[in-house]
Structure formats: C-alpha cells, structure tokens
Amino acid sequence: MEISSLNHIWKYRKRKRLGQKRIAYLLGHTCSTQFSKWESGKILPSLENALKLAYILDVPVELLFGNLCRDLRKDVGKKEKALFGETKRA
C-alpha cells in the first residue's frame, strides 16, 4: 500500500494557508522534516500526531487519511464476512 496516495495532508494544509514549519511548530517539533515525510507519504504519523493534525487543520482524521481509512474498512469488512458470514453483527 503506497502511503503517498493515501493522505490528503498537503491539500488541507494549503487550504489553511499554513507552511510546513508552522505545522511542525504547532505539533511541538523543532523542524519540519518529520512532517514533510508524513505529507509526502514516506511514513505515517503516530495516532497522536494524526489527531493533532486533524485538530490543527480542522478536519476529521478520516479526511486526512481517507483512502487509507477506506482500504482498512474494506479489509476489516472482508474479515467480518469471513468470520460472521454475510450477516453483519449487531
């Protein structure tokens, strides 16, 4: 799974008109290197940092990582069907 196609951090950062250095500062980082890696899709942020990003960018984390969320939902759905059959559990 290629991470870069799975996040929309850049799009929402641009909408808020924030630079990478400002976001890094708001996240408590001393430089923007780590954030740049998240935005370019080289690595995923921790859950804590993903939630902070969602707060900073004022969007649900599911929108920042929409494609990843969709793929994970599909994967879990397949496993649910295998485990519980076609009827979804209550």
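Trp10 and Phe65 fall into different hydrophobic clusters, defined by Ile, Leu, Val, Met, Phe, Trp and Tyr side-chain heavy atoms under 4.5 Å apart, directly or through other members. Cluster membership check: Tyr55 does not share its hydrophobic cluster with Leu51, using side-chain heavy-atom separations under 4.5 Å among Ile, Leu, Val, Met, Phe, Trp and Tyr.
The main-chain N or O of Ser36 is found under 3.5 Å from a side-chain atom of Ser40 such that the two form a donor-acceptor pair. A donor-acceptor contact shorter than 3.5 Å links the side chain of Ser46 to the backbone of Asn49.
Residues meeting the side chain to side chain contact (heavy atoms under 4.5 Å, CB included) test with Thr30, sequence neighbours left out: none. Annotation: side chain to side chain contact (heavy atoms under 4.5 Å, CB included) contacts of Leu26 (sequence neighbours excluded): Ile56.
Atom CG in Leu27 sits 10.0 Å away from atom CD in Gln34 (nearest 0.5 Å). Going from atom CG of Asn67 over to atom CG of Leu72 covers 11.0 Å, rounded to the nearest 0.5 Å. Separating the NZ atom in Lys16 from the CZ atom in Arg22 is a distance of 12.5 Å, to the nearest 0.5 Å. With values rounded to the nearest 0.5 angstrom, Leu44 atom CG is found 8.0 Å from Ile9 atom CD1. To the nearest 0.5 Å, atom NZ of residue Lys14 and atom CG of residue Leu57 are 12.0 Å apart. Remark: Phe84 CZ to Lys81 NZ distance equals 13.5 Å, nearest 0.5 Å.
Of all the heavy atoms in Ala24 and Cys31, the pair that sits closest is CB-O, 3.4 Å. When all heavy atoms are compared, the tightest approach of Arg13 to Gly19 is NH1-CA, 3.7 Å.
Within a 6.0 Å sphere centred on OH of Tyr12, other residues, nucleotides and ligands contribute more than 12 heavy atoms. Atom NZ of Lys11 sits in a crowded spot, with more than 12 heavy atoms from other residues, nucleotides or ligands closer than 6.0 Å.
Here the side chains of Val59 and Leu64 are in contact, with some heavy-atom distance below 4.5 Å. Annotation: side chain of Ile23 is in contact with side chain of Leu53 (closest heavy-atom distance under 4.5 Å).
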